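For ligands, and for the atoms within them, numbers begin at 1 and follow the listed sequence. Since the structure is predicted, the reported quantities are computational estimates derived from the model, not experimental observations.
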Amino acid sequence: MTFSTEEEIWTPSLNGLINEAAAGLRVCPGAKMDMQGVAQAVFNRQPDDALVGESLLIAAGYAHDPSVRQAAASGGVTTALLDHLFARGEIDVAYCSAGRDPKHGKAVLARSSDEIRQAMGSHYHPINYGSQLPALVDSSDRFAFVGLPCEIAAMREVMMARPDVRDRCVALIGLFCGGINRFSGIGKYIENFGTDPKAVDDIDYRDGAWPGQIRLTTTDGAAPKIIPRIMNNSRWNILRYVISFQGYWMLPRCRICPDQIADFADIAVGDPHLPRFKSYGSPGYSAVIARTKKGLEIINDAVEASAVVLEPLSRDELVKSQGYTLENRRQALLYSKVASFLGMKPPEISIYKGLQNHKTWHQYVYAFVDLIKIKVRQRKWLRPFYMPLQIFEYLFLTFSVRVLLNRLGKLARGK
Ligand SMILES: Cc1cc2nc3c(=O)[nH]c(=O)nc-3n(C[C@H](O)[C@H](O)[C@H](O)COP(=O)(O)OP(=O)(O)OC[C@H]3O[C@@H](n4cnc5c(N)ncnc54)[C@H](O)[C@@H]3O)c2cc1C
């Protein structure tokens with residue numbers, strides 16, 4: 001993998017291919033995401049619930065250890081489960097992210113509770129996550145693998161081709177994912193608070209009380225700086241945040257993605273963005289889905305051992321907690337058609353059958369807006385228009401007069 005400074009992403013290049021040899025296995029969910037095919041291979045059927053995917057348990061939860069719960073991205077369920085598997089002697093290694101440096105982020109093979117805890121948090125910029133795969137695949141370690149939905153799908157394909165790797169895999173823990181953003185976009189937001197993004201060498205996007213603030217450490221040795229995300233922020237800064245984190249700088253593949261909630265993981269973990277969990281200063285909650293029997297057993301065992309605490313979360317609450325993005329992501333074929341229309345090259349995609357009839361005209365509008373933003377990013381002269389367009393989107397793309405009036409009030413008050 002090499003870092004393209006122009007595109008700001010890690011791109012693969014193939015070397016060492018021998019012309020006469022049979023083509024090796026190429027696993028790249030960036031190029032192809034066959035939801036129906038992978039579902040068939042993993043679960044031997046298509047899900048009854050095409051929006052949520054397979055689920056044996058849906059719950060809210062958190063790490064029993066308050067220090068993990070506080071320092072983690074959501075409620076620390078991921079770290080608590082990894083820690084628990086270590087304590088039980090069930091894994092030798094946990095594949096996680098050492099991704100807080102925006103330029104040199106990579107994967108880490110964590111071999112102790114301390115190393116697992118150092119990897120906590122959510123890293124929203126591109127990282128070289130395949131960097132430790134050869135070491136993992138060629139070892140004899142029993143492992144748990146943490147990854148974004150696309151990375152979990154890739155691991156499933158690796159495991160289908162390599163039964164020896166499958167036999168050593170104790171758990172695939174998938175993070176819900178709304179997309180990865182180029183760091184220069186994130187940098188635009190950081191600049192508003194007087195920090196030079198080029199000087200940032202460590203960024204914690206989820207510092208402190210859930211859902212957390214951004215903590216920046218810079219190369220000049222200055223004291224770390226805390227800047228707000230959504231909570232405790234002015235309405236105008238929230239619009240700036242959305243421009244930087246949810247639009248123009250998002251990787252195109254992330255915009256055309258049918259899997260937001262890690263359908264092929266044993267256990268999927270996300271943020272339950274619901275008012276009842278979100279009061280400011282909340283100690284942190286995770287949304288948890290056990291998708292396989294193995295995943296359910298691990299969760300039940302962790303609860304019994306008091307490593308993880310669970311609370312009720314209904315299927316509909318889970319869907320609601322992801323806002324409109326889950327429904328939009330599931331319509332990735334529609335996004336793919338709009339992308340082709342706009343002259344972009346979409347990945348090859350199949351979506352679950354049950355979803356074909358759930359398209360609405362709203363989703364075409366969202367797809368156009370989302371993809372046009374990505375397309376115009378390189379036209380720097382358009383940047384002064386980003387804020388007026390974001391205000392327009394904030395007010396009018398809700399398609400509801402009541403929400404429009406409410407939001408006009410919020411803009412006027414700056415809240
Ligand atoms: C790019 C991204 C987008 C996300 N989008 C959403 C969303 O739209 N909706 C939602 O509900 N939740 C989303 N999440 C998930 C959420 O932020 C938490 O990661 C999840 O709830 C797990 O929280 P936790 O407290 O259990 O994690 P922790 O206990 O803090 O552990 C997190 C684990 O994930 C690993 N990790 C962090 N970043 C990455 C990465 N980029 N790639 C691979 N591994 C990583 C860490 O090394 C660590 O092992 C996103 C996360 C990421 C990284």
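Under the 6.0 Å cut-off for aromatic ring centres, Y124 and F183 do not qualify, their centroids lying 6.0 Å or more apart.
The two atoms that bring R69 and Y285 nearest to each other are NH2-CZ, 3.4 Å, heavy atoms only.
Side-chain atoms of S336 never come within 3.5 Å of backbone atoms of P346 as a donor-acceptor pair (strictly under, hydrogens ignored).
Contacts of A287 classified as side-chain contact (heavy atoms from CB on, under 4.5 Å), with partners at least two apart in sequence or in another chain: F176, P272, L313, L318.
Ring geometry for H273 against W210 counts as parallel: the plane angle stays under 30°, on a 0 to 90° scale with 60° as the upper cut.
Annotation: side chain of I190 is not in contact with side chain of K198 (no heavy-atom distance under 4.5 Å).
Around ligand 1 you find A72, A73, S74, G75, G76, V77, T78, T79, C96, S97, A119, M120, G121, S122, H123, Y124, I127, Y129, V146, L148, E151, L175, F176, C177, G178, G179, I180, R206, Q260, V269, G270, D271, S286, Q322, each with a heavy-atom distance below 4.0 Å.
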